[in-house]
J.: 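Below: one structure in structure tokens.
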Amino acid sequence: MKKLSRSEFSQVSIMLFGLFFGAGNLIFPPLLGNQAGNQTWVALASFAVTAVLFPVLGAILVGKTDGLSNLSNRVGALFSIFFTTAIYLSIGPGLGIPRAGSVPFELAIAPLLPETTSLSLARLVYTFCFFGLALWICLKPTKLVRRVGKYLTPALLVMILLLFVRIIFLNPQVAPALGDYQTSPLTKGFLSGYDTMDAVAALNFGYVVALAIKRFGVTDKAERTRYTVKAGLVAGALLLLVYAMLSYVGMATSGLFPGVENGAQVLSQTVQVLFGKTGLYLLAAIFTLACLTTCVGLITSGGEYFHVLFKRKLSYHAWVCIWTFFSFVMANFGLNTLLAFSVPLLTMIYPVALVLIVMGMTQGWFGYSKLAYGFGAFFSLALPLVEMLDKTFKLALPFLTDLVKSLPLYEQGLSWVLPSLLAVTLASLLGRVYEKSQQKDQVGQEI
């Protein structure tokens with residue numbers, strides 16, 4: 001039975017980290033450190049639950065079930081098709097991939113250009129090169145692990161480590177915590193991790209890892225599952241370590257840069273203090289590599305899914321080219337229009353993704369029925385839909401909107417949590433009562 005070598009396993013684990021670690025993952029921790037100040041480590045502990053634990057569990061779960069479709073099929077076949085397709089579209093060409101090309105340009109490349117430069121032309125050139133490189137990597141899925149896990153992601157880690165090591169020698173100026181980080185750092189950290197929405201991306205990337213392990217010749221399903229679990233744990237440990245380093249960057253400079261609006265500003269001002277203007281080039285390289293690895297993962301997983309969904313009528317390579325070209329066009333000419341639709345969609349489907357992850361990971365303990373999965377999916381989808389219509393489109397539904405607003409955690413965007421938990425619990429109890437009654441009837445008939 002084929003086993004992965006130590007080098008192959010390391011590359012798979014580092015690749016998974018690289019797929020997770022995009023621009024948002026680079027920006028959120030420094031902002032957390034800047035705003036949490038002396039409460040940074042408390043906030044980071046809860047941040048890690050939603051930004052590390054849930055994504056890792058999601059990737060492991062999808063790897064174990066051989067794809068998101070099989071996991072969501074526990075709710076129903078029709079739900080599986082619509083939900084899985086919505087996940088791949090919203091996090092892929094509808095949001096993640098076009099942003100992966102535009103964000104590093106806007107945050108790290110544009111500030112380096114002379115004022116007379118045409119930003120539209122510069123963005124076009126940059127994104128053409130960016131998506132061209134991403135396409136080249138994706139067209140050879142058998143070399144994906146080597147290119148991402150052996151070269152791109154290690155280079156990214158070295159650059160982040162260089163930034164962290166350099167800031168250790170800077171005299172830290174830690175400010176007091178601000179806003180919600182001062183009054184409830186645990187809650188605020190948890191919600192900040194929730195806002196990364198990495199658990200949705202995990203539902204894509206788990207399948208990429210499982211396929212990568214299979215391409216190494218590991219055909220035994222139990223062995224692939226074991227490697228997927230181990231790779232997820234290693235990637236999670238790396239994520240936590242890098243988040244801690246970036247949070248320290250924000251914390252150590254919180255006294256120097258009060259009132260910043262986002263993590264990109266924290267990093268930009270920090271690298272200039274540490275390295276002068278040269279630091280901006282380092283930051284540009286970090287942003288580009290972080291976004292490139294995530295972009296590659298999204299294109300690859302989407303290409304594989306739609307290749308199978310349409311019964312292989314279009315090749316994997318054709319789907320990869322379609323996704324890449326569409327994302328290149330939208331990154332330059334229609335990103336804001338696209339985000340107006342994809343972000344609300346992603347906000348709506350994120351809760352049901354979390355519910356499926358939790359239920360899937362605890363299936364062996366509680367043995368959820370199809371009814372329980374259906375109840376959990378309904379409440380974690382319907383309540384966010386009502387909330388999204390109200391908050392995003394100012395559309396209030398008679399009775400329903402007021403009901404959702406009255407639920408606990410509405411202001412935090414978590415009105416679905418308690419109803420979904422109660423619904424799953426009730427459905428599980430009803431299922432067990434029904435099973436016992438069926439068993440009694442069967443015994444009675446036998447007598």
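We're numbering straight along the sequence, starting at 1. All of these numbers come straight from a predicted model, not from anything done at the bench. Only heavy atoms go into these numbers, but all of them, side chains included; no hydrogens, no water, no symmetry mates.
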J.: Taking C-beta and beyond as the side chain, do Ile27 and Leu107 meet within less than 4.5 Å on heavy atoms?
T.: yes
J.: Less than 4.5 Å apart, side chain to side chain, heavy atoms only: is that true for Phe17 and Leu157?
T.: yes
J.: Please report the C-alpha distance between Glu106 and Leu119 in whole Å, then the side-chain angles of each, then the deciding distance to 0.1 Å, and finally whether the side-chain contact (heavy atoms from CB on, under 4.5 Å) criterion is met.
T.: CA-CA 9 Å; Glu106 301 294 345; Leu119 289 182; 5.8 Å; no
J.: How close do Ala48 and Leu240 get, heavy atom to heavy atom, and via which atoms?
T.: CB-CD1, 3.7 Å
J.: Within a strict 4.5 Å, meaning less than it, do heavy atoms of the Lys64 and Thr228 side chains meet?
T.: no
J.: Heavy-atom count check: over 12 atoms from other residues, nucleotides or ligands less than 6.0 Å from Lys214 NZ?
T.: no
J.: Please name the pair of heavy atoms, one in Tyr243 and one in Asp198, separated by the smallest distance, quoted to 0.1 Å.
T.: OH-OD2, 3.7 Å
J.: Are side-chain N/O atoms of Asn332 and Thr127 paired as donor and acceptor at under 3.5 Å?
T.: yes
J.: Indicate the ring-plane relationship of Tyr248 and Phe164, choosing parallel, tilted or perpendicular according to the 30° and 60° boundaries.
T.: perpendicular
J.: Report the relative orientation of the aromatic rings in Tyr126 and Phe105; use parallel for angles under 30°, tilted for 30 to 60°, perpendicular for over 60°.
T.: tilted
J.: Would you say the side chain of Tyr305 lies within less than 4.5 Å of the side chain of Thr85, judging by non-hydrogen atoms?
T.: yes
J.: Nearest heavy-atom pair of Val62 and Leu68: which atoms, and what distance?
T.: CG1-N, 3.7 Å
J.: With a cut-off of 6.0 Å (strictly less than), are more than 12 heavy atoms of other residues, nucleotides or ligands near NZ of Lys140?
T.: no
J.: Aromatic rings Phe131 and Phe328: how do their planes relate, parallel, tilted or perpendicular, breaks at 30° and 60°?
T.: perpendicular
J.: Working to the nearest 0.5 angstrom, can you tell me the gap between Leu211 CG and Thr142 OG1?
T.: 12.0 Å
J.: How close do Pro98 and Ala331 get, counting heavy atoms only, and between which atoms?
T.: O-CB, 3.5 Å
J.: With distance as the sole criterion, is a donor-acceptor pair present between the side chains of Tyr373 and Gln363 under 3.5 Å?
T.: yes
J.: Could you check whether Tyr194 and Tyr350 have their ring centres less than 6.0 Å apart?
T.: yes
J.: Evaluate the side-chain proximity of Leu407 to Leu418: yes if any heavy-atom separation is below 4.5 Å, no if none is.
T.: no
J.: Measuring from atom OG of Ser301 to atom CG of Leu19, what distance do you get when rounded to the nearest 0.5 angstrom?
T.: 8.5 Å
J.: To the closest 0.5 Å, what do you measure between CG (Leu283) and CE (Met159)?
T.: 11.0 Å
J.: So which atom in Lys3 and which in Arg226 form the shortest heavy-atom distance, rounded to 0.1 Å?
T.: NZ-NH2, 4.1 Å
J.: Just do the side-chain contact (heavy atoms from CB on, under 4.5 Å) check on Tyr368 and Val424 with the steps written out, would you?
T.: CA-CA 8 Å; Tyr368 302 111; Val424 170; 3.8 Å; yes
J.: Quick one, Phe190 and Leu186 - any side-chain contact, counting heavy atoms below 4.5 Å?
T.: no
J.: Is any side-chain heavy atom of Phe378 less than 4.5 Å from a side-chain heavy atom of Val75?
T.: no
J.: If you count heavy atoms of other groups shown closer than 6.0 angstrom to CZ of Phe393, is the number above 12?
T.: yes
J.: Does the salt bridge (charged side-chain N to carboxylate O under 4.0 Å, His left out) test come out yes or no for Glu304 and Arg215, once each step is laid out?
T.: CA-CA 14 Å; Glu304 294 279 5; Arg215 289 189 180 109; 2.6 Å; yes
J.: Minimum heavy-atom separation for Tyr410 to Ser415, with atom names?
T.: CA-CB, 4.0 Å
J.: Could you go through Leu156 and Ile286, starting from their C-alpha distance and side-chain angles, then the distance that decides it, and tell me whether this counts as side-chain contact (heavy atoms from CB on, under 4.5 Å)?
T.: CA-CA 6 Å; Leu156 171 64; Ile286 290 174; 3.9 Å; yes
J.: Fit a plane to each ring of Phe379 and Phe375, take the angle between them on a 0 to 90° scale, and name the class: parallel (under 30°), tilted (30 to 60°) or perpendicular (over 60°).
T.: tilted
J.: Just so I know, are the side chains of Ser406 and Leu403 near enough to count as touching, which here means a heavy-atom distance under 4.5 Å?
T.: yes
